[in-house]
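All chains are named by letter (A, B, ...) in the order of the sequence lines, taking the proteins before the strands, and each is independently numbered beginning at 1.
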Protein chains: 2
Amino acid sequence: MKVPGLIQFDEWQDSYAERVVSMRTSAVRDLFAAASRSDIISLSGGMPDIRSLPLDTVSRVAADAVRTEGVAGLQYGNTTGREQTKELVCRLMEDFDILITTEDVTITTGGQQVLDLLGKTFINKGDIVITEGPTYMGALQAFSAYEPNILTIAFDEEGMQTTVLEEELKRLIAQSPSGRHGVKFVYTIPNFQNPGGVTMSLARRRHLLELSRRYEFLIVEDDPYGRLRYSGEPVPALRSMDENVIYLSTVSKVFAPGLRTGWVIAPRPVLAKLNMVKQGTDLCGSALNQVIVEHYFNDTDWRGELSRMCELYKERRSAMLEALKEYFPPEATWTHPEGGLFVWVTLPDYVDTPQLLSAALDRGVTFVPGDGCYPGGSGLGRNALRIAFCYENPESITEALRRLGAVIEDRLALYRTFIDAGVL
Amino acid sequence: MKVPGLIQFDEWQDSYAERVVSMRTSAVRDLFAAASRSDIISLSGGMPDIRSLPLDTVSRVAADAVRTEGVAGLQYGNTTGREQTKELVCRLMEDFDILITTEDVTITTGGQQVLDLLGKTFINKGDIVITEGPTYMGALQAFSAYEPNILTIAFDEEGMQTTVLEEELKRLIAQSPSGRHGVKFVYTIPNFQNPGGVTMSLARRRHLLELSRRYEFLIVEDDPYGRLRYSGEPVPALRSMDENVIYLSTVSKVFAPGLRTGWVIAPRPVLAKLNMVKQGTDLCGSALNQVIVEHYFNDTDWRGELSRMCELYKERRSAMLEALKEYFPPEATWTHPEGGLFVWVTLPDYVDTPQLLSAALDRGVTFVPGDGCYPGGSGLGRNALRIAFCYENPESITEALRRLGAVIEDRLALYRTFIDAGVL
């Protein structure tokens, strides 16, 4: 793998802003490069498998988009997005009982831009942000640019442990001279969490909302995977239960990431601030992409496409869970996602997954070492890994886990000897 | 005009980051809304006139883009952009004697994203950034989010007054306890400056480069308008004379803004930092837009389209300059652009253009008051205005300046009486 800037002397190294000094590129992005090797089975990327998208339809949609919208789709647009795209989002949100008007939503460059805008709008250096631990690496990257203190709350199969969150809030208040917890917002991915795969139960959602009212903090609900459910019953969105929740989503996992179209729903005063911040960041998003998205959701059988995609993912999830049982050692535990793209595997404390990765690459498999899913320097997650079942077929997933199981087994065998001898 | 958040009480007002408190939405963006009224002649927006773009061609290009690139155009892409788009940029840059390889360039969401990335990568709170004064409002917005101290250097018809810049650098060094000027970068739009319309002469460019070497600061060369020359001879790009210059441009003014496709060329260690910062900001830009841009520049007569567009602008520039002579009072002075989209008009000190705007709107004309083109709180530019000749036809431009001239004349008449009476 190429490490940019390693060889070349950087005569500007004293010029960069402080926020950049501790930044790291995402291990996942680096792995995308490795994953393009044809002999590698990738369990690392969170790329949706859009290889079955009907390209003729999308091609027609793109051509129609230019023809019907004409110059409007090629010109600068509103910073907040096209009115028609917002209307589409309003309709899409009805499926989740989130009832809004176009004034409650802003169209963004994917969900990722929302995370950057939230960081830019809310975070002063040293402010506290709370996330699940582990959490989405892209969120950690986006927030970190504004130098917050990121605290994490562990999840179990019912999602974020809200009683632990409450203890943390109390601790922060008790420790603070001002008697304030200082939390700018709590960021959660309640459905099929990335990287955990777990879904927050209704009871936990209610508790989280209650805490947000009692302790007065904002909740950021990130829901890219909500429509990717393969079993179990949907749980109401936090935003559907409380209008003060900031909600974001994207078409990346239900249509295509290459359109870079996401959105944020927020209380209007907050949205006004996000819009102001967005203006200096990009002037406006791509009008053409928004028009294509409108056409896709308005004029094609997108629900049919999505349900075919979900069938695919469901099969792959089953293959992954079965292969884990078959090939992973008894010391390993893992989550049992009802949807989404990921399974989170926990190994004994003495296993180091960043180290494991190079051995896995030798055997032709990639995964995401768990430490990247925690704030830098936390030291957490080094015994865990994220594996994605979205991109490879069932046979490849099974084969990948067979190889990965063998790599892990190699490591564990040595330790078992020590343990049996009473050394560890 | 709607002022967001004015009526609704903002219960989160204590939650925002400090950087947001002093942010303002761009007057220009607000004017875009006013400009959509059919009875208004807009001299405010910097929108290229793409109404003559051959939509059938672009429609075909969009359809082809999906068909030929298939899933690659719809999937997540590299943070730094598609290799093919970078190759295209390398070829386009040859026209300006900027000889680079794909490793020297990153594809961005318009030029605006580059400005945000530069701010994020380089600016600590209180750092000094130098721009022309007046300068591009979007740059001020982008940089301001990172709370620099922005100093401005006036231009004349030969562009930024580099001897004034040198004096400023000396002053900064003399004032600093560390003996350092503390300038993170000097931002310039050397060709047909926004809002000034002026072009930096070769002598000034050489002087600026010499200063950057002697005083060790980075130059950021923003060149969205370089291909829009209607008279005079091209002046070499700063980047063509020095590889340490950071150069940015966009397809917005030569193809279409709705594609949001720009690029940045930077020394490789700097580019590596910008790329790292970009990752947390958007993961990647729109692959589809990049594919469409590739097809447009590779497979259509874009040079023919552009030269037709330049003919249009040339005619409008002449109409504007003639109408200024005809209808503007003798106290007014203005620049004489050889290209681009804008003319900068200076009125006597006692005229206040922000106040003038409402009277102009009553008469059905919009312009950009000059104060928005200076850093907030500088108090500069209140006697100046930016007028754009890119979007309206010659007759409308003439009519708009006739009306605007009358509005200005109304104001000046009163002052002349005072002056004649020796009061002012």
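Between the Ser286(B) side chain and the Leu259(A) main chain, no donor and acceptor come within less than 3.5 Å of each other. Side chain of Arg260(B) to backbone of Asp282(A): a donor-acceptor contact under 3.5 angstrom is found. Side-chain atoms of Gln75(A) come within 3.5 Å of backbone N or O of Pro48(B) as a donor-acceptor pair. The closest donor-acceptor contact from the side chain of Arg268(A) to the backbone of Asp10(B) lies at 3.5 Å or more, if one exists at all. In terms of modelled atom types and a separation under 3.5 Å, the side chain of Gln112(B) and the main chain of Gly280(A) share a donor-acceptor contact.
Only the side chain of Ile292(A) comes within less than 4.5 Å of a heavy atom of chain B; its backbone N, CA, C and O stay farther away. Using a 4.5 Å cut-off between heavy atoms, Leu53(B) contacts chain A through its side chain alone, with no backbone atom that close. Looking at Lys120(B), the atoms closer than 4.5 Å to chain A (heavy atoms on both sides) sit in the backbone and in the side chain alike. Within the 4.5 angstrom heavy-atom criterion, no atom of Leu271(B) approaches chain A. With a threshold of 4.5 angstrom between heavy atoms, Leu115(A) does not approach chain B through any atom at all.
Separation of atoms NZ (Lys278(A)) and CG (Asp116(B)) is listed at 11.5 Å; rounding is to 0.5 Å. Rounding to the nearest 0.5 angstrom, the gap separating the CH2 atom in Trp12(B) from the CD1 atom in Ile246(A) is 8.0 Å.
Of the listed residues (Asp56(B), Val61(B), Leu117(B), Asn244(B)), the greatest number of heavy-atom pairs within a distance under 4.5 Å of chain A belongs to Asn244(B). No other option in Ile123(A), Thr109(A), Asp64(A), Thr108(A) has as many heavy-atom pairs under 4.5 Å with chain B as Ile123(A). Most heavy-atom pairs under 4.5 Å with chain A, from the set Ala72(B), Ser144(B), Gly70(B): that is Gly70(B). Ranked by heavy-atom pairs shorter than 4.5 Å toward chain B, the options Gln290(A), Glu11(A), Lys273(A) are led by Lys273(A). No other option in Gly285(B), Gly138(B), Ala145(B), Gly110(B) has as many heavy-atom pairs under 4.5 Å with chain A as Gly285(B). Of the listed residues (Arg60(B), Glu18(B), Gln113(B)), the one with the most heavy-atom contacts under 4.5 Å to chain A is Glu18(B).
Between Ser59(B) and Ala63(A), the closest heavy-atom pair is OG-O, 2.9 Å. In terms of heavy atoms, Leu74(A) sits closest to Leu55(B) at CD1-CD2, 3.8 Å. In this structure, Lys184(B) and Ala17(A) approach most closely via the heavy-atom pair NZ-N, 4.4 Å. Considering every non-hydrogen atom in both Val66(B) and Ala62(A), the closest pair reads CG2-CB, 4.0 Å.
For Glu243(B), the CD atom sits in a loose shell: 12 or fewer heavy atoms of surrounding residues, nucleotides or ligands are nearer than 6.0 Å. Remark: Glu216(B) CD is loosely packed, at most 12 non-hydrogen atoms of other residues, nucleotides or ligands lying under 6.0 Å away.
Scanning for side chain to side chain donor-acceptor pair (under 3.5 Å) contacts around Arg180(B) gives an empty result, with sequence neighbours left out.
Leu288(B) places none of its side-chain heavy atoms less than 4.5 Å from the side chain of Leu288(A). Here the side chains of Tyr146(A) and Arg19(B) are in contact, with some heavy-atom distance below 4.5 Å. Within the 4.5 Å cutoff, the side chain of Phe185(B) has no heavy atoms near those of the Ser15(A) side chain.
Pairs of residues two or more places apart, or lying in two chains, that qualify as ring-ring contact (aromatic ring centres under 6.0 Å, His included) and include a residue from residues 102-124 of chain B are Tyr16(A)-Phe122(B).
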